[in-house]
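FYI, side chains are in, hydrogens and waters are out, and symmetry mates aren't considered; it's all heavy atoms of this structure.
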Protein chains: 2
Amino acid sequence: MVEEALTAERILEAAEEVLRRFGPAKATVVDVARALGVSHGSVYRHFPSKTALRDAVAERWLARVSHPLAEVAAEKGPAPERLRRWLDLLRELKRKKARDDPELFATYSNLVADARDVVRVHVETLASQIARILADGVEQGAFTIEDPVAAGWAVFNATAKFHNPIHASEWSDPGNDAAFEGVWSLLLGGLGVREVPAKARKKPSKK
Amino acid sequence: MVEEALTAERILEAAEEVLRRFGPAKATVVDVARALGVSHGSVYRHFPSKTALRDAVAERWLARVSHPLAEVAAEKGPAPERLRRWLDLLRELKRKKARDDPELFATYSNLVADARDVVRVHVETLASQIARILADGVEQGAFTIEDPVAAGWAVFNATAKFHNPIHASEWSDPGNDAAFEGVWSLLLGGLGVREVPAKARKKPSKK
DNA sequence: GGACTGACAAAAGTCAACATCTGTCAGTCG
DNA sequence: CGACTGACAGATGTTGACTTTTGTCAGTCC
């Protein structure tokens, strides 16, 4: 019987499964090793610490959030509509993770609370995706922005309530979607979009 | 020797002092009673539970946040400048509490995490103060807003990162003030303010 | 007679003995 | 030789007996 070689990749898969099963509070390195049929010392040959292993699992998991978003950010269509879809997708992905993968989501929430580097990189990725959409929008003449990078951060910060896992418990509140729509309106104006998308708007009489 | 009557007011003062000293984790009803020289049974004559007592202490404490803000909200000057001062004051008050009154601030953070009614009332108060400033601004022709109440909530939500105690640990981050400025710019635009306040801006060439 | 006490039950919290886990490394095995 | 093991020390968690706290209420005292 040919044993498959022990690789970082296989450890990550096993670790993710163990985290999913037992959650961040109960999952141990011994559990991961047991799932792989090796001693836990072997795991430490590939990852310097349990923390590093957890970060690496989270990194893969976060990539599965930021990749679909990157695709939307890279599209060609009108930027305002694209920004809206991007934000909707971010909310949807986060909420889906919180719902379908509660233990991994709890792991991620811990990382956020611990201000781990892997989280900093993730939010930088997201903010720069927004910046990219905003820059496209400026080129299209749809947005009036001085500094798309700064504005990208501003959009990310202003919508924190709707994607930061620290606020996850509020996502199922009755008014949450309405609250998002309110902030979205603010954003549209703040980005220099003059046309109100839905029903036609009267031209302002003054000025 | 005339003993002063035991009133809810005196209990609240003692409870606040006990909470300030020992923090939410260590303060007990017996401590509060001891500070007043009575049995803890007497305290339960005035408050139905420890939770109710804690909420009442927080309510007083929150009033000391919302009252100075209400004064700013009620002023007569130009609304955009007033909104800015209101937000600055909110940030300053919250940060001051976190710094100078860490135990009471921790008590409040717990209440927020528990989604207590007293917190809901507090944020409703704040959101309506914003709405009032916005309504003034619309009357002055400084803001272009359809629904000041909805916009008040949106401003409150979009700035959550800068006043919600759940984010308190980020308030001392290096970029936090810059992040606030970014969101503030977004807000100004989102509220329909066309003039950029600081250095003169060229008139837009298109449209 | 109503504010207050103090004794009490149930709930929650503490703490130290015990158990498990993390991280290391000398040594085995293929 | 080098991936892997297993035994180990120190750190961290768990357990369960014990203590404190919460909340109640019959009874006292002015």
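Between A/Arg34 atom CZ and C/dT22 atom P there is a gap of 11 Å when expressed in whole angstrom units. Taking atom NZ on B/Lys50 and atom P on C/dG13, their separation rounds to 8 Å, with Å as the unit. Put simply, CG on B/Leu36 is 13 Å from C1' on C/dC4, counting in whole angstrom units. Protein atom NE2 of B/His40 is 14 Å distant from nucleotide atom C1' of C/dA12, rounded to whole Å. One interatomic measurement links the two molecules: OH of B/Tyr44 to P of C/dA3, which rounds to 19 Å at whole-angstrom precision. Per the geometry, CZ belonging to B/Arg45 stands 11 Å off P belonging to C/dG2, to the nearest Å. In this structure, CG of B/Leu6 is placed 17 Å from P of D/dC30, rounded to the nearest angstrom. When rounded to the nearest whole Å, the span between CG of B/Leu53 and P of D/dG23 equals 10 Å.
Pairing each heavy atom of B/Leu6 with each of B/His46, the nearest pair is O-NE2, 3.1 Å.
Residue whose closest nucleotide on DNA chain D sits further toward the 5' end, between A/Gly41 and A/Lys26: A/Gly41.
A/Thr28 comes within 4.0 angstrom of the backbone, heavy atoms only, and of no base. In this structure, A/Val30 reaches the bases: a heavy-atom distance under 4.0 Å links it to at least one base atom across the strands shown.
The aromatic rings of A/Trp184 and A/Phe180 sit parallel to each other, their planes meeting at less than 30°, with 60° as the upper class boundary.
Comparing C/dC4, D/dC4, D/dT22 by their closest approach to the side chain of B/His46 singles out C/dC4.
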### Task
Start with the C-alpha gap between B/Thr107 and B/Asn110, add the side-chain angles, then the distance that decides, and say whether side chain to side chain donor-acceptor pair (under 3.5 Å) holds.
CA-CA 5 Å; B/Thr107 303; B/Asn110 289 352; 5.8 Å; no

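We find the CZ-CZ distance between A/Arg82 and A/Arg132 to be 7.5 Å, quoted to the nearest 0.5 Å.
Contact annotation: A/Ser42 does not reach the phosphate of D/dC4 (side-chain N/O to OP1 or OP2, under 4.0 Å).
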